[in-house]
Amino acid sequence: MGKIALEVKGIVKEFPGVRALKSVDFDIREGEIHALCGENGAGKSTLMHILAGVYKPEAGDIFLKGQKIEINNQKQAHDLGISIVYQERSLVEGLNVAENIYAARQPVKSLSVINWNKLYADSEKLLKSLDIEIDPKTMVSSLSPAMQQMVEIAKALSVDPKVLILDEPTATITEKEVGVLFKLLGQLKAKGIAIIYISHRLAEIFRIADRVTVFKDGEHVATSDVIDVDNDWLVSKMVGRDLTLKRLERDVDDDIVLEVKNFNSERFNNVSFVLKKGEILSFAGLAGAGRTEVMRALFGADKKTSGEVFVEGKKVDIRKTTDAINNSIGYLPEDRKAQGLFLSMAISNNIVSASMKKVSGIVNMDDKKAEHISKEYKEKLKIVTPSIKQLVVNLSGGNQQKVVIAKWLLVNPKIMIVDEPTRGVDVGAKAEIYEILRELTRQGTSIIMVSSDLPEVLSMSDRVYIMHNGRITGEMDGKEASEEYIIKYASGIMNQ
């Protein structure tokens, strides 16, 4: 590995009521993939936002190739050769792929007229070099989350960066695309580009990183060569306790609380299944298999073309989300930011948002009731925040997910659909969310879990359905499920 490309010393960053970074030191070398780990709220993304020119630190120094620099805005970061792919997508859905990649940097002809031919040619060349098979004229709004993430990466690389920051880059992409990304990172590393890689998927760190740094509570805890450490070392540095994921064997009631018969739409075909009382029923499969689409139709968020739903033996007609809620079905969506939260509202308002009758006053919402309930759930779910009046947008991913869970716990549904419940969540928060889900089943709630995390599926499920190409292709008891079995049925191999 080469010389130090970027170094920060004594970085301090404060937000109202929170010291997010406490005199942090960090460095990355040329031609290195340096993984940055830590629980949600550890300060990882805050430091990256400082390097990207989004935030300004209260104290500390930044050095680029040994020269002290100031980064006052995002354009300045770009000009210095620092590029970032954010955990949350930053694409404009009303523009096409090429327009997004070269936003505010389009090639122009005379009189500042955009040179569309060059724009599309440059975009096509870049996408091909990354093995991304997308027409640059395609509207971003029509792309899957996985494809949008690949466009984000293409956009970051279009400025030919010296330092590339990737914040949870594999959270929404398929295994095939992960392979393409890792091959690309190897090529960039060989060219001497310094890569900062943030991920909660610890296996990825051992697969591609050279060094790893751990942050905890806004402080630098440790840095080591990856070859010298193991998974247990990482977890202990991150959370300070054993978080081994263990399967709990248990008996499930045979009473059926939900039956779905011959469900069809443009995205899935002839889907039928049952859910038992107090059961965790998982839906596994690859991205695009149709799992989320089935759940959204079941919850009334999307239309089905045909099919029947029975709740506790009674046929119900679910055409909109309020119909589902009235039939005691709750839904924790895959995209918590876009579909599960009101980011510009306070934690307390989010928690009571689906249960307004419980906090209604004579005319308006009873703020004291809402505050009392929200404080209870803050303590119950260990939501880390200085105040329940804090805006949800300022919370870490794990704490945002807990707010969504709190909202549905207050509703107290008999059936709870949880779609990718621990995506983008650190190992400590994962363990807490698993225990919340298990406690719900002990209280009689039945859970449908959509998950792409196979260890999660294998450790949490009482039964597993596997989907491929819009159809259920396999079913098995959770005790007998294996990664090999799930992958075969998820890829369609067992049906050829």
Side-chain angles (χ1 to χ4, degrees), residues 5-6 30 45 48-57 62-65 67-167 169 172-173 177 180-181 184-185 187-188 191-196 337-338 343-344 393:
L6 181 73
E30 295 173 356
S45 294
M48 297 307 105
H49 278 77
I50 287 172
L51 296 178
V54 178
Y55 299 153
K56 287 208 68 174
I62 304 173
F63 299 86
L64 186 65
K65 293 189 174 181
Q67 298 294 314
K68 185 177 176 180
I69 60 170
E70 285 192 13
I71 305 175
N72 297 307
N73 52 58
Q74 295 179 71
K75 183 180 184 304
Q76 193 173 13
H78 276 156
D79 293 344
L80 289 165
I82 301 171
S83 192
I84 184 168
V85 177
Y86 293 103
Q87 184 176 351
E88 293 81 29
R89 291 185 292 276
S90 61
L91 302 177
V92 179
E93 293 196 348
L95 300 178
N96 64 32
V97 170
E99 290 170 316
N100 268 282
I101 290 174
Y102 290 99
R105 302 181 290 112
Q106 303 96 329
V108 295
K109 297 186 284 190
S110 59
L111 302 177
S112 297
V113 176
I114 294 174
N115 187 337
W116 291 101
N117 288 336
K118 181 170 173 52
L119 175 68
Y120 292 127
D122 288 351
S123 299
E124 186 173 7
K125 182 180 178 182
L126 176 64
L127 291 167
K128 279 187 176 179
S129 73
L130 304 179
D131 290 331
I132 302 174
E133 297 178 1
I134 304 174
D135 186 331
K137 296 181 182 179
T138 303
M139 296 299 292
V140 161
S141 58
S142 69
L143 297 177
S144 68
M147 284 294 100
Q148 289 187 19
Q149 180 72 317
M150 297 305 280
V151 173
E152 288 273 19
I153 293 168
K155 179 180 177 181
L157 292 173
S158 69
V159 298
D160 194 22
K162 299 181 181 70
V163 178
L164 176 64
I165 303 167
L166 300 173
D167 192 350
T172 59
I173 64 178
E177 290 157 341
V180 172
L181 172 62
L184 170 64
L185 294 184
Q187 295 169 352
L188 297 175
K191 292 179 181 178
I193 294 175
I195 301 167
I196 302 173
K337 289 182 182 291
L343 294 177
S344 61
V393 71

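These figures come from a predicted structure and were not determined experimentally.
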Colleague: Should Lys118 and Lys109 count as side-chain neighbours, where that means a heavy-atom distance under 4.5 Å?
Modeller: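 No. Closest side-chain heavy atoms not under 4.5 Å.
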Colleague: Does any non-hydrogen side-chain atom of Ile84 lie less than 4.5 Å from one of Val54?
Modeller: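 With C-beta onward as the side chain, the pair stays apart.
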Colleague: Donor-acceptor pairs under 3.5 Å, side chain of residues 155-163 to any protein atom, not counting sequence neighbours: which ones?
Modeller:
residue : atom : partner : partner atom : Å
Ser158  : OG   : Arg105  : NH2          : 2.6
Ser158  : OG   : Lys155  : O            : 2.6

Colleague: Which heavy atom of Ile82 sits nearest to which heavy atom of Leu51, and what is that distance?
Modeller: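 Heavy atoms of Ile82 and Leu51 come nearest at CG2-O, 3.6 Å.
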Colleague: Minimum heavy-atom separation for Glu30 to Ala194, with atom names?
Modeller: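 Minimum heavy-atom contact is CA-CB, 4.4 Å.
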Colleague: Has the side chain of Glu152 got a donor or acceptor atom that lies under 3.5 Å from a matching backbone atom of Tyr86?
Modeller: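 It does not hold such a pair.
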Colleague: I need the minimum non-hydrogen distance between Leu80 and Leu64, along with the two atoms involved.
Modeller: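 So the minimum-distance heavy-atom pair works out to O-CD2, 3.5 Å.
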Colleague: Could you tell me the separation between the CG atom of Asp135 and the OG atom of Ser123, rounded to the nearest 0.5 Å?
Modeller: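 Asp135 CG to Ser123 OG: 10.0 Å, rounded to 0.5 Å.
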Colleague: I want to check something: taking the side chain as every heavy atom from C-beta on, are Ile50 and Ile71 in contact at a cut-off of under 4.5 Å?
Modeller: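 No, every pair of side-chain atoms sits at 4.5 Å or beyond.
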Colleague: Would you please name every residue forming a ring-ring contact (aromatic ring centres under 6.0 Å, His included) with Tyr55, sequence neighbours left out?
Modeller: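 With sequence neighbours excluded, Tyr55 shows a ring-ring contact (aromatic ring centres under 6.0 Å, His included) to Phe15, His49, given in chain and number order.
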Colleague: Say you draw a straight line from CG of Leu127 to CD1 of Ile153; how long is it, rounded to the nearest 0.5 Å?
Modeller: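 Nearest 0.5 Å value for the CG-CD1 distance: 11.5 Å.
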Colleague: For the backbone of Leu143 and the side chain of Gln148, can you confirm whether one donor and one acceptor N or O come within less than 3.5 Å of each other?
Modeller: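 Yes; at least one donor-acceptor contact below 3.5 Å.
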Colleague: Picking from Val113, Leu119, Asn117, what satisfies side-chain contact (heavy atoms from CB on, under 4.5 Å) with Asn115?
Modeller: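 Result for side-chain contact (heavy atoms from CB on, under 4.5 Å) with Asn115: Asn117.
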Colleague: Can you tell me how far CD1 of Ile114 sits from CD of Gln106, rounded to the nearest 0.5 angstrom?
Modeller: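 Nearest 0.5 Å value for the CD-CD1 distance: 4.5 Å.
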Colleague: Please report the closest heavy-atom contact between Ala77 and Ala52, naming both atoms and the distance.
Modeller: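 Heavy atoms only, the tightest pair is CB-O, 3.5 Å.
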Colleague: Give the minimum heavy-atom separation between Pro169 and Gln149, together with the two atoms involved.
Modeller: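 Closest heavy-atom pair between Pro169 and Gln149: O-NE2, 3.0 Å.
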Colleague: Taking Gln76 for its side chain and Glu70 for its backbone only, find out whether a donor-acceptor pair lies under 3.5 Å.
Modeller: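 Present.
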Colleague: Output the distance between atom OG (Ser129) and atom CD (Glu124), rounded to the nearest 0.5 Å.
Modeller: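 Interatomic distance, Ser129 OG to Glu124 CD, rounded to 0.5 Å: 11.5 Å.
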Colleague: To the nearest 0.5 Å, how far apart are CG in Leu188 and CG in Leu166?
Modeller: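 One gets 9.0 Å once the value is rounded to the nearest 0.5 Å.
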Colleague: Is any side-chain heavy atom of Ile62 closer than 4.5 Å to one of Leu6?
Modeller: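 Yes, their side chains come closer than 4.5 Å.
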Colleague: Would you say that Val151 contacts Ile101 through its side chain, given a criterion of any heavy-atom pair below 4.5 Å between the two side chains?
Modeller: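 Sidechains of Ile101 and Val151: in contact.
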Colleague: Measure the spacing between CD1 of Ile165 and CG of Asp167 and express it to the nearest 0.5 Å.
Modeller: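 Atom-to-atom, Ile165:CD1 and Asp167:CG are 9.0 Å apart.
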